[in-house]
Participant: 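Take a look at the following structure, please.
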Amino acid sequence: MSHTDNKLHTTTTFPHFGTDAIHAGQTPDPHSGAVMIPISLSTTFAQTSPGVPYPGNFEYARSANPTRDAFEKNIAALEGAKFGLSFSSGLGATSIIINSLKRGDHVISVDDVYGGTGRLFRTIASDYGIEFTYIDFNVEGALEKAIQPNTKLVWLETPTNPTLRLSDVSQVAEVAHKHNAILVVDNTFMSPYFQRPLSLGADVVMHSVTKYINGHSDTVMGVIATNNETWYGKFKYLQNAMGITPSPFDCFLALRGIKTLHVRMQRHEQNATALARWMEGHEKISKIAYPGLESHPQHDLAKKQMRGFGGMITFWIKGGITQSRQFLENLKVFTLAESLGGVESLVNHPAIMTHASVPADVRAKLGIDDTLIRLSVGIENSEDIIEDVKQALEKVNVYEEASPVVEKVAEH
Ligand SMILES: *Cc1c(COP(=O)(O)O)cnc(C)c1O
């Protein structure tokens, strides 16, 4: 059964993103006329004769169900893709992509990859015989040099987490294709509203829906979007065969969240821009990274391949872990918590929190030190956000000596 066979929800697309965000993949329920897609809990679907399903073409809910189908069609439309598939988490989506490879295949990944993705590559996929090389795509010729005869896949995150470095998607796609490898882009940080990697030459896009797409920090989920029928077929097969599927309730929440994606992203960016401009040059900040600032080393590339600059800001506070703690303990609008992309502002200390699973030497090489702080700027009032950062910075004593770092034990 193929994705396009499902008749319940159409994939009619509209000229503009905001209309697709609200309507793509969704038509009133054919039985009740319900305007919002119902949460379809049935695990099984009646057949009129063996092998002849009802018009919706559903059989068993792990393979496909109406709520998930609507969400998958919607995200496909927003990424400009023919096919969309959803999973129980972002890492579930990544697992499916990696499992579509064979023992002995080689993957080239950005060195500053999301912590959990790196952990999956280093500690699980490597054990199953997939080979990995980690590179900085901005080093001239690094990609060409890393290519091997068995290179099948190039894995990119742009901007990266947490240092917000960009890679030129079109250039990387060109080199990957020249060597018969596919390019996968983790588009979590930008969302399809600000960046559409398939239009830049990527073959596959993945997201942690947990972040901006759902946008309300209340569901863990992932997606893949692609125009490539062969790879779609592999992913679709594995989605069912490995069973890494989201619940209908998760799909309902994500579908509900995605309806405001364009409006939320606009406000995330407005607030992040105002805050980044206010923070830049502050006496207690040694460096700030936000792709929308002219001082970002890849600001021109950001303008070229993205439609906006997003809601994530990373900065390095002057001092050490003591100063980081003073800042983090005094925030009131920002909540100190892992994750990002929700309507609420969050702050994270990657070295101790999200990136604890990254080996210490790799962290040091990437500049993820004790003074690095990552902000996920929410959509609250922008003046309140700036005031919060201002008052927390006032509490920071740059002269206080650093205390030893206490490493976190648990990983996520
Ligand atoms: C959170 C995140 C993931 C993993 O997604 P989960 O939904 O937590 O499994 C992958 N990539 C990036 C960039 C992320 O921020």
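Since the model is a prediction, treat every value here as computed from it, not as a measurement.
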Participant: Please work out whether the ring planes of W231 and F235 are parallel, tilted or perpendicular, with thresholds of 30° and 60°.
Facilitator: tilted
Participant: Got a second to check how far L91's CG is from I98's CD1, nearest 0.5 Å?
Facilitator: 11.0 Å
Participant: Testing the 3.5 Å rule here: is there a donor-acceptor pair between the side chains of N65 and D69?
Facilitator: no
Participant: Side-chain contact, heavy-atom cut-off 4.5 Å: N214 with I258?
Facilitator: no
Participant: Nearest 0.5 Å, what's the NE2-CG distance between H299 and L166?
Facilitator: 11.0 Å
Participant: Is a donor from one side chain sitting under 3.5 angstrom from an acceptor on the other, for Y290 and E280?
Facilitator: no
Participant: Distance check, rounded to the nearest 0.5 Å: S109 atom OG versus L153 atom CG?
Facilitator: 9.5 Å
Participant: Taking C-beta and beyond as the side chain, do P159 and M190 meet within less than 4.5 Å on heavy atoms?
Facilitator: yes
Participant: Do T226 and K82 have side chains that get closer than 4.5 Å, going by heavy atoms?
Facilitator: no
Participant: Tell me which pairs pass side chain to side chain donor-acceptor pair (under 3.5 Å) where either residue lies in residues 241-253, with sequence neighbours left out.
Facilitator: T219-D250, S247-D250
Participant: Can you see which heavy atom on P28 is nearest to which on G33, and at what distance?
Facilitator: CB-O, 3.8 Å
Participant: Donor-acceptor pair, distance only, cut-off 3.5 Å: does the side chain of H296 make one with the backbone of L164?
Facilitator: yes
Participant: Report, one line per pair, each donor and acceptor closer than 3.5 Å where one atom sits in a side chain of residues 140-148; sequence neighbours left out.
Facilitator:
| from | atom 1 | to | atom 2 | distance (Å) |
| --- | --- | --- | --- | --- |
| E144 | OE1 | H179 | NE2 | 3.1 |
| E144 | OE2 | K178 | NZ | 2.9 |
| Q148 | NE2 | H106 | NE2 | 3.4 |

Participant: Does the pair L183 and V204 meet the rule for a side chain to side chain contact (heavy atoms under 4.5 Å, CB included), with working shown?
Facilitator: CA-CA 6 Å; L183 173 61; V204 176; over 6 Å; no
Participant: Would you check if the side chain of E380 reaches a backbone N or O of S345 as a donor-acceptor pair within less than 3.5 Å?
Facilitator: yes
Participant: Run the salt bridge (Lys or Arg N to Asp or Glu O under 4.0 Å) test against D111 and tell me which residues pass, sequence neighbours left out.
Facilitator: R165
Participant: So that I know where these two stand, are F315 and F327 an aromatic pair - ring centroids less than 6.0 Å apart?
Facilitator: yes
Participant: Side chains of K259 and R264, heavy atoms from C-beta outward: is any pair under 4.5 Å?
Facilitator: no
Participant: Name every donor-acceptor pair, under 3.5 Å, that has one atom in a side chain of residues 38-55 and the other anywhere in the protein, sequence neighbours excluded.
Facilitator:
| from | atom 1 | to | atom 2 | distance (Å) |
| --- | --- | --- | --- | --- |
| S42 | OG | T44 | O | 2.7 |
| Q47 | OE1 | G51 | N | 2.7 |
| T48 | OG1 | V52 | O | 3.3 |

Participant: Who are the side chain to side chain donor-acceptor pair (under 3.5 Å) partners of N348, not counting sequence neighbours?
Facilitator: T354
Participant: Would you mind listing every salt bridge (charged side-chain N to carboxylate O under 4.0 Å, His left out) that reaches into residues 237-249, with sequence neighbours excluded?
Facilitator: none
Participant: Determine the interplanar angle of the F132 and Y134 rings, folded into 0 to 90°, and report it as parallel if under 30°, tilted if 30 to 60°, perpendicular if over 60°.
Facilitator: parallel
Participant: Answer yes or no: is there a side-chain heavy-atom contact under 4.5 Å between S217 and E344?
Facilitator: yes
Participant: Any donor and acceptor pair, going by atom type alone, linking the side chain of S89 with main-chain N or O of G92 inside 3.5 Å?
Facilitator: yes
Participant: Just by modelled atom types, is the S167 backbone N or O under 3.5 Å from a matching donor or acceptor in the N138 side chain?
Facilitator: no
Participant: For side chain to side chain contact (heavy atoms under 4.5 Å, CB included), just list the numbers for I352 and R325, CA-CA rounded to whole Å, side-chain angles, deciding distance to a tenth of an Å, and then say yes or no.
Facilitator: CA-CA 11 Å; I352 300 179; R325 284 194 193 278; 3.8 Å; yes
Participant: Is any side-chain heavy atom of L255 closer than 4.5 Å to one of Q26?
Facilitator: yes
Participant: A cation-pi test, strictly: NZ or CZ of K236 under 6.0 Å from the centre of the six-membered ring of F87 and no more than 45 degrees from its axis. Yes or no?
Facilitator: no
Participant: Could you tell me whether a side-chain N or O of H177 sits under 3.5 Å from a main-chain N or O of A173, the two making a donor and an acceptor?
Facilitator: yes
Participant: Do T163 and D112 meet the criterion of a side-chain donor-acceptor pair at a distance under 3.5 Å?
Facilitator: yes
Participant: Hey, is CZ on R122 packed in by over 12 heavy atoms from elsewhere, all under 6.0 Å?
Facilitator: yes
Participant: How would you list, by chain and number, every residue that makes a salt bridge (Lys or Arg N to Asp or Glu O under 4.0 Å) with R277, sequence neighbours excluded?
Facilitator: E294
Participant: Is there a side-chain contact between P192 and H207, using heavy atoms and a 4.5 Å cut-off?
Facilitator: yes
Participant: Quick one: do the R374 and N161 side chains pair a donor with an acceptor below 3.5 Å?
Facilitator: yes
Participant: Could you name each residue pair satisfying ring pair (Phe, Tyr, Trp, His ring centres under 6.0 Å) that touches residues 135-163, not counting sequence neighbours?
Facilitator: F121-W155
Participant: Please list, chain by chain and in numerical order, all residues satisfying side chain to side chain donor-acceptor pair (under 3.5 Å) with D105, sequence neighbours excluded.
Facilitator: K152
Participant: Around atom CZ of F14, are there more than 12 heavy atoms from other residues, nucleotides or ligands closer than 6.0 Å?
Facilitator: yes
Participant: How long is the straight-line distance from CG of L331 back to CD of Q391, given to the nearest 0.5 Å?
Facilitator: 6.5 Å
Participant: How long is the gap from CG on D203 to CG on N228, to the nearest 0.5 Å?
Facilitator: 6.0 Å
Participant: Just jot down the side chain to side chain contact (heavy atoms under 4.5 Å, CB included) partners of A181, sequence neighbours excluded, or say none.
Facilitator: T151, V154, A176
Participant: Examine distances only and state if a side-chain atom of R196 and a backbone atom of L78 form a donor-acceptor pair shorter than 3.5 Å.
Facilitator: yes
Participant: Can you list the residues that meet the side chain to side chain donor-acceptor pair (under 3.5 Å) rule with R68, with sequence neighbours excluded?
Facilitator: E72, Q239
Participant: Scan residues 300-318 for pairs that pass side chain to side chain donor-acceptor pair (under 3.5 Å), counting only residues two or more places apart or in two chains.
Facilitator: D168-K304
Participant: Passes side chain to side chain contact (heavy atoms under 4.5 Å, CB included), L238 versus S100? Steps please.
Facilitator: CA-CA 8 Å; L238 289 172; S100 67; 3.8 Å; yes
Participant: Report the C-alpha distance between T160 and V110 in whole Å, list the side-chain angles of each, state the deciding distance to 0.1 Å, and finish with yes or no for side chain to side chain contact (heavy atoms under 4.5 Å, CB included).
Facilitator: CA-CA 8 Å; T160 57; V110 61; 4.0 Å; yes
Participant: Is there a donor in the side chain of T371 and an acceptor in the side chain of D369, or the other way round, less than 3.5 Å apart?
Facilitator: yes
Participant: Is it the case that the side chain of T19 and the backbone of P15 share a donor-acceptor pair, with hydrogens and angles ignored and the cut-off at 3.5 Å?
Facilitator: no
Participant: Can you tell me how far the OG atom of S382 sits from the CD atom of E387, to the nearest 0.5 Å?
Facilitator: 11.5 Å
Participant: Tell me whether E269 contacts the main-chain N or O of G311 through its side chain, where contact means a donor paired with an acceptor under 3.5 Å.
Facilitator: no
Participant: Could you walk me through whether F17 and Y193 pass the ring pair (Phe, Tyr, Trp, His ring centres under 6.0 Å) test, one step at a time?
Facilitator: CA-CA 7 Å; F17 190 99; Y193 184 67; 5.1 Å; yes
Participant: Using only atom types and a distance under 3.5 Å, with no angle test, would you say the side chain of N271 pairs donor to acceptor with the backbone of I385?
Facilitator: no
Participant: Side chains of Q323 and D370: is there a donor and an acceptor less than 3.5 Å apart?
Facilitator: no
Participant: Are the side chains of I37 and D29 in contact, using a 4.5 Å heavy-atom criterion?
Facilitator: no
